[in-house]
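Structure, as structure tokens:
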Amino acid sequence: MDRIRIVGGNTLNGIIPISGAKNAALPLMIASLMTSDTLTLENVPHLADVELLLRILGNHGVDISVNGRRERQSGSYARTIHFTCRTIVDTTAPYDLVSKMRASFWVIGPLLAREGRARVSLPGGCAIGTRPVDLFIDGLRALGASMEIDSGYIEATAPKGGLIGASYTFPKVSVGATHVMMMAAALARGATTIHNAAREPEVVDLANCLNAMGAKISGAGTATLTIEGVTSLSGARHRVLPDRIETGTYAMAVAMTGGNVTLEDTDIALLDTAIEALRRAGAEISPVDGGIRIIGHGDAIRPVDIVTEPFPGFPTDLQAQFMGLMTRARGVAHVTETIFENRFMHVQELARLGAKITLNGQTARIEGVPTLRGAPVMATDLRASVSLVIAGLAAEGETLVNRVYHLDRGFERLEEKLTRCGAIVERISG
Ligand code: UD1
């Protein structure tokens, strides 16, 4: 199993290219199931989750061709992938695939809308909480689908003649359930209104792509989506938006180590709340042409309290990284997690590096320490693992992060991007 070895203490200086967003690429790829024409996606990141979804889509009958590998000066590459699903050959998404990546459950929307039926495994639990699918079930039922649970699978069936537009209010904000409802309603008969929809930029990206394919969706980015159903969608070409979580992660790394880094191919407007928190912590952040410049001061980190919330609030996917940063703040900070009930597994690992953190329910109290010391640590989930990398970059001595397959799910060529900016980070294979 691969490990990442970090020798801390260096500042970060240079350019880090930001990849296409994993959380946009996944639903966009799934949207390819909705048309028999070719959907072309540019700027698709090279990540384990994307590769797994390519396999899953292949099982359903999507023909995939990958090309256009494009080297940029700063060393990034982004892929263009063509997806063509002339016919859906299988409407079942099996347990062994869905259990590996929760987002693959989202195929339920397109399969149901296009084929009138889908048999999709329940995703099961995962490290950061129970993550149920009740909102998907209720929402699709509102569109007229019959949703039965049988032997760990959801059997979804549309009424004769297809799904029917409806008005539906989510009792809780869910990114995935919003994606799925939007895709299902796009091919339903009549109009659908979705209230309390997720407002994440990735929802807007999916809506833009679906509209380019001929869907009639308005209101994306607000809490109310209006969707006028159409009978079929065509192909389109769409560029995946920049990864705001990767952007925020590297910004936090620079705030932690100190230095001066330009994050290339990203957009400051995607992460206002996190940028604001970083500025309050003492980092200097400014938009530059096609990216963001961040100047960190390392030793002079100010404590800042944050609470995770659905967009436009502070993203839960940056919570662990921000906590990593706060471990070296000059004072006490509080981090409150409101989205997932068990997203504090990095706390114990950060403590191994010398962080002083106490947990009280959903709130962590972090008392900043002047120095962290390198140690072997264990990655527990995607975002938790990168918080350990951030802490390791600032720790004295060597940090070994075990189980880095979590990192490979969401961070493209992390060690290379950091090494180019002066960090000592290497992957140890085996
Ligand atoms: C997406 C992101 C993930 C991010 C999360 C919250 C992708 C691939 N993943 O995950 O990185 O951390 O948004 O921003 O885009 N819930 C229910 N019932 C449901 C569905 C969700 O109770 O049927 C709950 C979840 O348990 C959680 C909350 O709603 O407590 C928000 O989850 P949701 O927005 O659905 O997360 P994902 O879409 O899975």
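One-based numbering, in listed order, for ligands and for the atoms of each. We number each residue from 1, following the sequence as shown.
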**Q.** Working for salt bridge (charged side-chain N to carboxylate O under 4.0 Å, His left out), residues E415 and R427
**A.** CA-CA 7 Å; E415 62 274 25; R427 179 177 293 254; 2.6 Å; yes
Q | Atoms in ligand 1 with a heavy atom of W106 nearer than 4.0 Å | A | 7 (C), 8 (C), 15 (O), 38 (O)
Q: List the steps, then state whether salt bridge (charged side-chain N to carboxylate O under 4.0 Å, His left out) holds for E51 with K100.
A: CA-CA 12 Å; E51 302 314 299; K100 287 203 183 95; over 6 Å; no
Q) Under 3.5 Å between some N or O of ligand 1 and some N or O of A103? A) no
Q. Against heavy atoms of F136, which atoms of ligand 1 measure under 4.0 Å?
A. 20 (C), 23 (O)
Q) Touching ligand 1 at all, M101? Heavy atoms, strictly under 4.0 Å? A) no
(Q) As an exercise, identify every atom of ligand 1 less than 4.0 angstrom from a heavy atom of G176. (A) 35 (O), 38 (O)
Q: Say whether I339, considering both its backbone and side-chain N or O atoms, lies within less than 3.5 Å of an N or O atom on ligand 1.
A: yes
Q.
Tell me whether F105 reaches ligand 1 (any heavy atom closer than 4.0 angstrom to a ligand atom).
A. no
Q) Does A177, backbone or side chain, put an N or O under 3.5 Å from an N or O of ligand 1? A) no
Q) Say you draw a straight line from CG of D138 to CG of L143; how long is it, rounded to the nearest 0.5 Å? A) 11.5 Å
(Q) Below the 3.5 angstrom mark, is there an N/O of D317, backbone or side chain, next to an N/O of ligand 1? (A) yes
Q. When only distance counts, is E200 in polar contact with ligand 1, meaning an N/O pair under 3.5 Å?
A. no
(Q) If I compare all heavy atoms of T80 with all of T40, which pair ends up nearest, and what's the gap? (A) CG2-CG2, 3.6 Å
Q) How many angstroms lie between atom CE of M323 and atom OG of S387, to the nearest 0.5 angstrom? A) 8.0 Å
Q.
If you apply the rule side-chain hydrogen bond (donor to acceptor under 3.5 Å, both in side chains), what do you find for T193 with T226, and how did you get there?
A. CA-CA 5 Å; T193 310; T226 312; 4.9 Å; no
Q: Starting at CZ of R239, measure out to CG of L28 and round the result to the nearest 0.5 Å.
A: 12.5 Å
Q) Roughly how far apart are L263 CG and I285 CD1, rounded to 0.5 Å? A) 9.0 Å
**Q.** Selected option - heavy-atom contact closest to atom 13 (O) of ligand 1, from V180, V175, V203
**A.** V175
Q | Polar proximity ligand 1 side, H179 side, N/O cut 3.5 Å exclusive | A | no
Q. With a cut-off of 4.0 Å, which atoms of ligand 1 are near a heavy atom of R102?
A. 20 (C), 39 (O)
Q: Could you pull out the closest heavy-atom pair between S121 and Y153, with the gap in Å?
A: N-CD2, 3.4 Å
(Q) Taking 4.0 angstrom as the limit and counting only heavy atoms of V133, give me the atoms of ligand 1 inside it, by number and element. (A) 19 (C), 23 (O)
(Q) Below 4.0 Å from ligand 1: does a non-hydrogen atom of E202 turn up there or not? (A) no
Q) Looking only at distance, does T316 have an N or O less than 3.5 Å from an N or O of ligand 1? A) no
Q. Between the side chains of E309 and T338, is a donor N or O closer than 3.5 angstrom to an acceptor N or O?
A. no
Q.
For the 3.5 Å polar cut-off, considering only N or O atoms, please tell me whether L135 and ligand 1 meet it.
A. yes
(Q) Checking Q319 against H346: is there a side-chain donor and acceptor pair closer than 3.5 Å? (A) yes
